[in-house]
Student: 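This is the structure I want to talk about, given as structure tokens.
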Amino acid sequence: MEIEKDSNLTEEGEELTSSINFTNYASTTSSEASSAHGSEFKMKKHPLSFKKHGNILTVHHTVKEDGKLIRIVFNAYCFNLRGTQFVAIDRRGNIFVIDFASKRFWRHPERVPKSSVIVPSVKESDQYLLGTKNGFLILLDVEKPKLRLVNISQEPISEISFAGVPLQPKNLAVIRSGNAAYLVNIKTFTCTHRLDFDKRLMALKFAFYLPYSEHILTCFTNDSLHIWSSVKLEVLRIVNPIKLRDRKMQLQTPKDTTPVLELNSDNYTEFPFSCCDRDLTEGLIMSYCYQTDGSCLCFSTSDNYLLFLSPYTLELLSIFKLKNFLLQQCALMPKPNESLLFGLTDKRKIVLLDFANIELKLFVDMSVSRSMQLSTDGKFLAISRCSGEMPIWSVCYLINVLRSQERCKNMLRRAFKQSKPMPLPTAINAAECRFREELRELLTPQSLQQILQEYHCYPSKYRALIWFCLLKLPNNRAQYQDLMQMGLPKIIIVKARSIQLKNAKIKRALIRCWSNLAQWCKMFAYNDNVAKLIFPFVKMFHSNPLATFEVCVTLMFNQFQMFFEYHPLEPSNYLGFCTNILKYFDCSLYKFYTDMDITASIYAWSLLNTSFAKVLDEDQWFCLWDNIISAPPYFLIFCVVAYNIMQREVIVRLPDKTIISDFFQDQNPIDIKKLTAKAFKLMSCCPMSLHPKRYMCNFQPLPRDVYPKFLNYPLKSLDRFEEKAIDIQKLQRTLDDKMRALDLEEMEMTRKLENGLRKEEHNKRLKDIERYYQDTLKREEERLNYQRKVLLLHQKEIRQQKGEVLKALHESDQRKTLLQREGELESLQNNIEKERLRNDIDLMEVEEKIRNRELDLLGQNAKSTDEHKQSLSERFHNDIKRLWEEQKLLDADLKKLSAIDLKESKKIANIPSDYLNAVEDKLQQYKEEFANIVKDN
């Protein structure tokens with residue numbers, strides 16, 4: 001037997017579990033199986049060990065074929081009803097049995113190829129009922145080599161369920177095979193009945209016995225649930241839970257909102273497509289589960305809902321909305337944990353949900369999984385991974401982790417409500433100090449790790465205290481006072497003048513911490529990077545100088561332990577770690593840096609010497625250092641590499657070395673959660689040949705009542721430098737004295753020269769003033785003469801312009817007179833034209849009247865020819881008489897027209913004579929025609 005150790009990472013931490021490989025037993029049992037038939041056979045069982053909690057066992061079947069290791073996936077598996085046995089069948093039909101009570105496992109001599117489902121028997125604890133993909137139903141006894149089988153159908157068997165208490169003596173089971181459901185007598189192994197329905201309208205999805213009942217529940221593709229009586233084989237009731245849900249949600253008030261379950265997106269990988277390929281014609285219901293005591297039914301839907309129904313009344317008990325995930329498989333825990341549910345999401349992750357507190361959730365297994373199986377008593381959970389492994393979990397451990405998560409979240413919720421940070425413990429208030437100590441005992445590394453995994457940072461109120469616990473600060477107050485009494489080194493006083501900070505309080509705290517570090521280790525006084533390195537920590541703990549100093553000292557021994565090994569040069573070994581790891585994980589970015597002549601001094605040391613303070617804002621910096629302090633000391637190297645890799649797409653588009661250098665001096669947008677996750681991934685995947693933990697010491701806290709010396713720097717070089725610096729200072733003081741004497745002599749000579757030169761300069765200035773005034777008067781006279789000439793020329797131009805103006809006025813008067821006369825003539829011509837037009841209009845009216853009369857006469861004449869033979873004189877006597885009268889009136893009108901006054905006649909005289917003659921001829925013609933008519937009559 002081969003027992004090996006394996007590891008499995010959950011949301012709560014990393015656990016070592018026992019692992020079984022069935023490779024060594026597949027060959028030995030095959031020969032035993034050949035002699036098993038026909039004789040008494042006793043299976044060979046092998047011992048195994050379990051873990052007491054967590055992932056108690058990991059099962060896998062790995063074989064070597066053609067020089068390659070192949071891991072065979074398990075098709076079907078289950079626990080017995082008591083939870084004391086576990087049976088698993090792989091794709092090649094091998095049957096493996098694990099007994100938890102006797103701590104033994106063995107392989108069954110028979111094989112069941114194409115297995116699809118296995119369930120425990122309700123009669124015998126060693127018997128199981130198997131279904132295959134070719135429609136065979138098999139009875140398996142794990143203690144006996146023979147199998148009993150019967151062919152139920154030609155389609156795969158998907159579900160097997162047994163009848164409840166009323167029908168258990170009849171040994172009935174419901175078998176769903178394809179789109180059909182069968183009632184099978186397990187004792188006689190015969191199919192007794194078949195459930196029929198209209199396959200044209202709907203197809204069968206699920207069919208199972210309701211727990212502790214004789215009723216069969218079937219679910220169809222139209223999402224309807226049919227309750228059958230297994231005695232009468234009749235449908236008793238039909239319910240559609242989707243319609244019940246929609247109706248209930250329509251009747252909800254704003255106060256009765258549907259609870260929403262959402263998985264944490266940081267631990268839950270989002271894909272741009274759906275991993276669940278479902279036929280839309282199959283309806284919305286995806287999977288089901290039920291309480292073993294028969295108190296509740298649960299259905300998951302493809303539109304992100306969980307529905308809980310009563311199996312007795314089929315009423316909708318509750319609804320839960322799944323925000324960013326689906327459940328392809330679910331399993332309810334038995335009482336007293338009936339509010340818990342295990343589910344397989346559409347992203348193939350196993351999750352534990354609590355419906356009593358929807359904020360609680362636990363990722364049981366982040367690996368890609370195929371299915372899961374919960375034991376009937378709720379003690380064990382088996383998960384079938386796509387990789388072929390099958391971990392078996394202790395459900396009690398998972399529930400405890402979930403409850404500890406609840407307690408931790410309650411504590412964090414209270415902490416996050418108070419934004420004021422909690423100070424570090426002091427010796428002044430003993431009660432408060434005891435409270436801090438109790439809180440430190442509560443904040444164990446395991447619970448702090450859970451906080452980081454959930455929130456990626458610590459609460460701001462307790463951050464100082466958490467750092468105090470993680471760094472294990474000794475609070476050496478007496479030793480710190482001794483350092484304070486040593487005062488400020490002169491070199492720190494000189495260098496502090498170049499520090500520019502607006503906040504004077506933080507500036508004083510920075511100088512004080514730097515001076516204490518210099519008194520503790522003289523090398524820090526000569527290193528100009530120390531101020532930039534410790535500044536963010538001083539800013540965080542500036543109200544507690546002792547904590548500030550001890551935090552910085554602890555970091556010097558751990559995270560910064562190799563920063564000063566080549567003082568005052570850059571730490572080439574430390575930067576070499578960054579370069580090698582970057583080259584291993586992102587060779588293209590490393591090649592880009594090489595081509596652009598970018599060294600680790602730019603892309604690594606510029607981040608390290610400021611503790612990432614320049615490239616991150618305050619919240620991001622706190623989040624990053626929460627993770628750095630909680631991780632090993634070498635984790636800082638992987639943070640540098642992760643930052644470069646995450647900013648890769650921006651960096652490779654920068655044009656030159658100068659801009660790339662500036663990039664590492666400014667804040668750039670970055671997701672700090674992804675940065676820390678990337679750093680942890682790099683740290684876990686880094687090969688041992690490149691891993692910095694081979695060269696860096698593990699975390700070393702400060703001891704109590706003493707501050708050990710920091711020696712990881714070139715001490716002898718610094719001593720020689722100090723000796724030479726003292727000689728140079730002495731020489732400098734001598735040179736300064738001589739220079740001061742020379743300056744005094746120079747000042748005396750300058751004073752004497754200044755007295756003589758002052759008088760000479762005064763006389764020179766007076767002559768310059770006289771010359772200036774003479775030049776000014778001369779320029780003024782010239783200006784006046786020029787203005788006289790300009791005045792004369794201007795007078796001449798005015799006389800010329802005056803003559804031109806008079807001439808223009810005379811011509812303007814003449815043009816005005818002509819225009820006036822032209823206007824009068826034009827007005828007279830317009831009046832004449834108007835009179836002529838009015839006369840033309842009058843004549844045209846007269847002409848029209850005459851024509852109208854002529855037409856009337858012609859019409860009357862034409863009518864007279866069509867009448868009886870009566871003579872015209874008799875028929876039109878009255879008309880002729882009336883015409884004579886009208887003729888007289890017309891003559892009178894003509895006389896009146898001829899009697900026009902003189903003015904009108906003069907106006908008419910202007911009318912053309914041809915036109916008047918034509919009118920007269922026309923009138924004369926009318927008179928003659930009228931006379932002829934009268935004569936004829």
Side-chain angles (χ1 to χ4, degrees), residues 158-159 161-166 174 176 181 195 197 202-230 234-252 256-261 278 282-323 325-345 352-356 358 374 376 378:
S158 305
E159 286 181 274
S161 62
F162 294 98
V165 176
V174 170
R176 181 173 70 87
L195 302 180
F197 51 89
M202 52 191 174
L204 184 65
K205 293 170 65 175
F206 310 121
F208 58 93
Y209 268 112
L210 289 173
Y212 295 100
S213 173
E214 63 177 12
H215 294 158
I216 301 172
L217 187 144
T218 57
C219 178
F220 297 93
T221 53
N222 61 353
D223 295 325
S224 62
L225 303 180
H226 293 208
I227 308 299
W228 297 68
S229 171
S230 59
E234 296 178 351
V235 177
L236 303 178
R237 189 174 179 185
I238 300 176
V239 177
N240 192 318
I242 304 299
K243 293 181 179 178
L244 293 176
R245 178 200 68 185
D246 296 341
R247 189 180 302 113
K248 185 173 181 179
M249 293 184 68
Q250 289 176 357
L251 298 175
Q252 281 183 348
D256 302 331
T257 56
T258 303
V260 178
L261 286 165
R278 286 186 56 81
E282 293 184 357
L284 297 178
I285 296 179
M286 295 178 60
S287 63
Y288 73 93
C289 62
Y290 51 81
Q291 290 281 4
T292 54
D293 61 353
S295 61
C296 181
L297 272 173
C298 177
F299 293 93
S300 68
T301 65
S302 59
D303 57 349
N304 301 80
Y305 281 95
L306 272 179
L307 310 178
F308 290 88
L309 281 77
S310 170
Y312 308 111
T313 63
L314 293 181
E315 294 180 355
L316 194 61
L317 300 177
S318 58
I319 306 172
F320 289 88
K321 173 69 174 177
L322 309 179
K323 186 173 182 180
F325 68 102
L326 300 175
L327 289 182
Q328 292 185 336
Q329 187 181 354
C330 50
L332 279 169
M333 284 287 295
K335 291 183 179 180
N337 299 310
E338 64 273 9
S339 64
L340 301 180
L341 179 140
F342 287 96
L344 173 63
T345 68
L352 174 60
L353 305 174
D354 188 351
F355 294 101
I358 60 177
L374 181 67
T376 307

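No experiment lies behind these values; they were computed from the predicted model shown.
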Student: Identify, with sequence neighbours excluded, every residue that meets side-chain hydrogen bond (donor to acceptor under 3.5 Å, both in side chains) alongside Q252.
Tutor: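 Result, side-chain hydrogen bond (donor to acceptor under 3.5 Å, both in side chains) vs Q252: T258.
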Student: What residues, two or more places apart in sequence or in another chain, satisfy ring pair (Phe, Tyr, Trp, His ring centres under 6.0 Å) together with F320?
Tutor: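 For F320, the residues satisfying ring pair (Phe, Tyr, Trp, His ring centres under 6.0 Å) (neighbours in sequence not counted) are F308, F355.
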Student: Any idea which heavy atoms bring H215 and S229 closest together, and the distance?
Tutor: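 The answer is CD2-CA, 4.3 Å.
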Student: Looking only at heavy atoms, which two atoms of P211 and Y290 are closest? And how far apart?
Tutor: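 Looks like CG-CD1, 3.6 Å.
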Student: Roughly how far, to the nearest 0.5 Å, is the OG atom of S300 from the CG atom of L322?
Tutor: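 Between L322 CG and S300 OG, I get 8.0 Å after rounding to 0.5 Å.
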Student: Got a second to check how far L353's CG is from C330's SG, nearest 0.5 Å?
Tutor: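 One gets 10.0 Å once the value is rounded to the nearest 0.5 Å.
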Student: Rounded to the nearest 0.5 Å, how far does CG of L217 lie from CG of L236?
Tutor: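 Here the rounded value is 11.0 Å.
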Student: Could you grab the distance from atom SG of C219 to atom CE of M286, nearest 0.5 Å is fine?
Tutor: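 These two atoms lie 12.5 Å from each other.
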Student: Just to verify, what does D303 make a side-chain hydrogen bond (donor to acceptor under 3.5 Å, both in side chains) with, not counting sequence neighbours?
Tutor: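 Residues passing side-chain hydrogen bond (donor to acceptor under 3.5 Å, both in side chains) with D303: R245, T301.
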Student: Please determine, by modelled atom types, if D354 and S339 share a side-chain donor-acceptor pair under 3.5 angstrom.
Tutor: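 The answer is yes; a qualifying pair exists.
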Student: Of all heavy-atom pairs between F206 and I285, which one has the smallest distance, and what is that distance?
Tutor: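 Looking at all heavy atoms of both residues, the closest pair is CE1-CG2, 3.9 Å.
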Student: Measure across V260 and K323 and return the closest heavy-atom pair with its distance rounded to 0.1 Å.
Tutor: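 Looking at all heavy atoms of both residues, the closest pair is CG1-CB, 3.7 Å.
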Student: With sequence neighbours left out, what residues match E159 under side-chain hydrogen bond (donor to acceptor under 3.5 Å, both in side chains)?
Tutor: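 In terms of side-chain hydrogen bond (donor to acceptor under 3.5 Å, both in side chains), with neighbours along the sequence ignored, E159 is linked to R176, Y288.
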Student: With sequence neighbours excluded, tell me which residues meet side-chain hydrogen bond (donor to acceptor under 3.5 Å, both in side chains) with S310.
Tutor: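 S310: side-chain hydrogen bond (donor to acceptor under 3.5 Å, both in side chains) contacts with T313.
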Student: Any cation-pi pair here, K321 with Y305, using under 6.0 Å and within 45°?
Tutor: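 Yes - K321 lies over the ring of Y305, closer than 6.0 Å to its centre and within 45° of its axis.
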Student: Over all heavy atoms of both residues, which pair between L374 and L332 is shortest? Give the atoms and the distance, please.
Tutor: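 Minimum heavy-atom separation between L374 and L332: CD2-O, 3.6 Å.
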Student: Check for a donor-acceptor pair, side chain of D223 on one end and backbone N or O of N240 on the other, with a separation under 3.5 Å.
Tutor: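 No, the answer is negative, given that no donor and acceptor are paired below the 3.5 Å cut-off.
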Student: Which heavy-atom pair separates L210 from P311 by the least distance, and what is that distance?
Tutor: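 Taking L210 first and P311 second, the nearest heavy atoms are CD1-O, 4.0 Å.
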Student: Hey, could you give me each pair passing salt bridge (Lys or Arg N to Asp or Glu O under 4.0 Å) that has a residue in residues 335-345? Not counting sequence neighbours.
Tutor: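 For residues 335-345, and leaving out neighbouring residues, the salt bridge (Lys or Arg N to Asp or Glu O under 4.0 Å) pairs sorted by first residue read D293-K335.
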Student: Is any side-chain heavy atom of L309 closer than 4.5 Å to one of L317?
Tutor: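 L317 vs L309: side chains apart.
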Student: With rounding to the nearest 0.5 angstrom, report the CG to CG distance, L244 to L314.
Tutor: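 So the gap between those two atoms works out to 8.5 Å.
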Student: Between L306, I358, I319, which is the residue that forms a side chain to side chain contact (heavy atoms under 4.5 Å, CB included) with P259?
Tutor: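 Between P259 and the candidates, side chain to side chain contact (heavy atoms under 4.5 Å, CB included) is satisfied uniquely by I358.
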Student: Starting at OG of S302, measure out to CG of L327 and round the result to the nearest 0.5 Å.
Tutor: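 So the OG of S302 and the CG of L327 are separated by 12.0 Å.
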